[in-house]
Amino acid sequence: MRAAVLRSFERDMDIEDVPVADPRDREVLVRIMATGVCASDLSTIRGKTSAALPLIPGHEAAGIVERVGSGVSKVQPGDRVVLSWAPNCGHCFYCQDSHPTLCDVYGGAASSGGLWDGTSRLGPIGAPIRHYSCVSSFAELAVVPETGCIKIDPDVPFAVAALVGCAVTTGFGAVINDAAVRAGDAIGIMGVGGVGINAIQAARLAGAETIIALDTNIGKAELARANGATHFINAADRDGLEQVRALTSGRGVDHMVECTGHPAAMSAAYAMTRPAGNVVIVGIAPKGTDLAVPAIGFPGSKKRIIGSIYGGGVPERDITKILALYRAGRLALDSQIGKRIGLAQVNDALKWLEQGVQARTIIEFA
Ligand SMILES: [Zn+2]
Ligand SMILES: [Zn+2]
């Protein structure tokens, strides 16, 4: 198959011919039809995380089941699927404790760059290429654990399904599961990107009265409003905190959802949240950085700082819920799709993301 292989953080990925091994027990071979280009891919490709190489990135994807390994009962060839980048085992401590995104078996696989047994199906024998989050969708084919396949209806476009594989579910779940926004609440969303737009839409669905979008790019104000924001604040303004308080009876918002991954933005999000409010941290910060909040006031603030990954709930349940809302016309997902390109342009797509492109670039495979 053709795949974009990351061999160095210093240069663009090459499109290479990569051998793919057959799916083993409880694994599925999926033909990728569409994949988004997400900020987490960018962080990994630019060397901001601790990923080992070589690696095929890409984790926001949808496709068609091509072949199944032994013991697979969840899907069959021809099924259309969204791929989960946090498939889970169902049996470990965290799976039993209702935190499937913290699955120990997945965690081990992801850090090994392999699948459940720690080995890779990608690359020639003796020179394996690492899987990325058990997906690796910058490629024509992917071998994934059975539990990473979530069946979708045939009328959902693959590009939309791909978005739901990461950005939509992450932003939606941060608001619905982790912040647990109630009707009438005030919420701030820091960062109007792929995740932030979906957090804004979820806040509107949940009935938030005041939805404040913040971004240092004021060109995103219109986009934020089109998705449901009631206010927009330039996050670079020195009086951003005062502006938030002025909109919330002087208190601060009930919830902040931080989507940028900048530690300074996380501290600002904390300050903008009212006492006893929720600070939901979604953005992935560069390695080696700390989240700083004033220690002296923390106990008395009764604020809750919540780490949120993949929407904080049960991804398969949430993805199914989100696609039902989309089909009912209650979540606007088509408008989030920007350029549609082929795999050969993947390096350009990463540059556009760095430049703050307004909508998601989707790589499609003919
Ligand atoms: Zn992502
Ligand atoms: Zn598990």
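Other residues, nucleotides and ligands contribute at most 12 non-hydrogen atoms within 6.0 Å of the CD atom of E209. By the neighbour-count criterion of 12 heavy atoms within 6.0 Å, atom CG of L241 is densely surrounded, having more than that number from other residues, nucleotides or ligands. The environment of K287 atom NZ is dense: over 12 non-hydrogen atoms of other residues, nucleotides or ligands sit within 6.0 angstrom. Heavy atoms from other residues, nucleotides or ligands lying under 6.0 Å from CZ of R46 number more than 12.
For the pair T273 (side chain) and V253 (backbone), a donor-acceptor distance under 3.5 Å is absent. Distance alone, capped at 3.5 Å, places no donor-acceptor pair between the D97 side chain and the H99 backbone. Panel note: side chain S308, backbone V280; no donor-acceptor pair is recorded below 3.5 Å. Formation of a donor-acceptor pair under 3.5 Å by the N198 side chain with backbone atoms of F172 is not found in this model. With hydrogens and angles disregarded, a donor-acceptor distance shorter than 3.5 Å links the side chain of R130 to the backbone of S111. Side-chain N or O atoms of Q336 include none that pairs as donor or acceptor with a backbone N or O of R360 at under 3.5 Å. Panel note: side chain S112, backbone A109; a donor-acceptor pair is recorded below 3.5 Å. No side-chain donor-acceptor contact under 3.5 Å links Q76 to the backbone of G78. A distance-only check finds no donor-acceptor pair linking the side chain of E140 to the backbone of F365 [under 3.5 Å]. A donor-acceptor contact shorter than 3.5 Å links the side chain of D41 to the backbone of G58.
Using a 4.5 Å heavy-atom cutoff, the side chains of Q243 and L247 are not in contact.
A salt bridge links R11 with D14; the closest basic N to acidic carboxylate O contact falls under 4.0 Å. Salt bridge R340/E364: present, at least one basic N to carboxylate O contact under 4.0 Å.
Aromatic ring pairs are classed by plane angle as parallel below 30°, tilted from 30° to 60° and perpendicular above 60°; the pair W85 and H59 is perpendicular.
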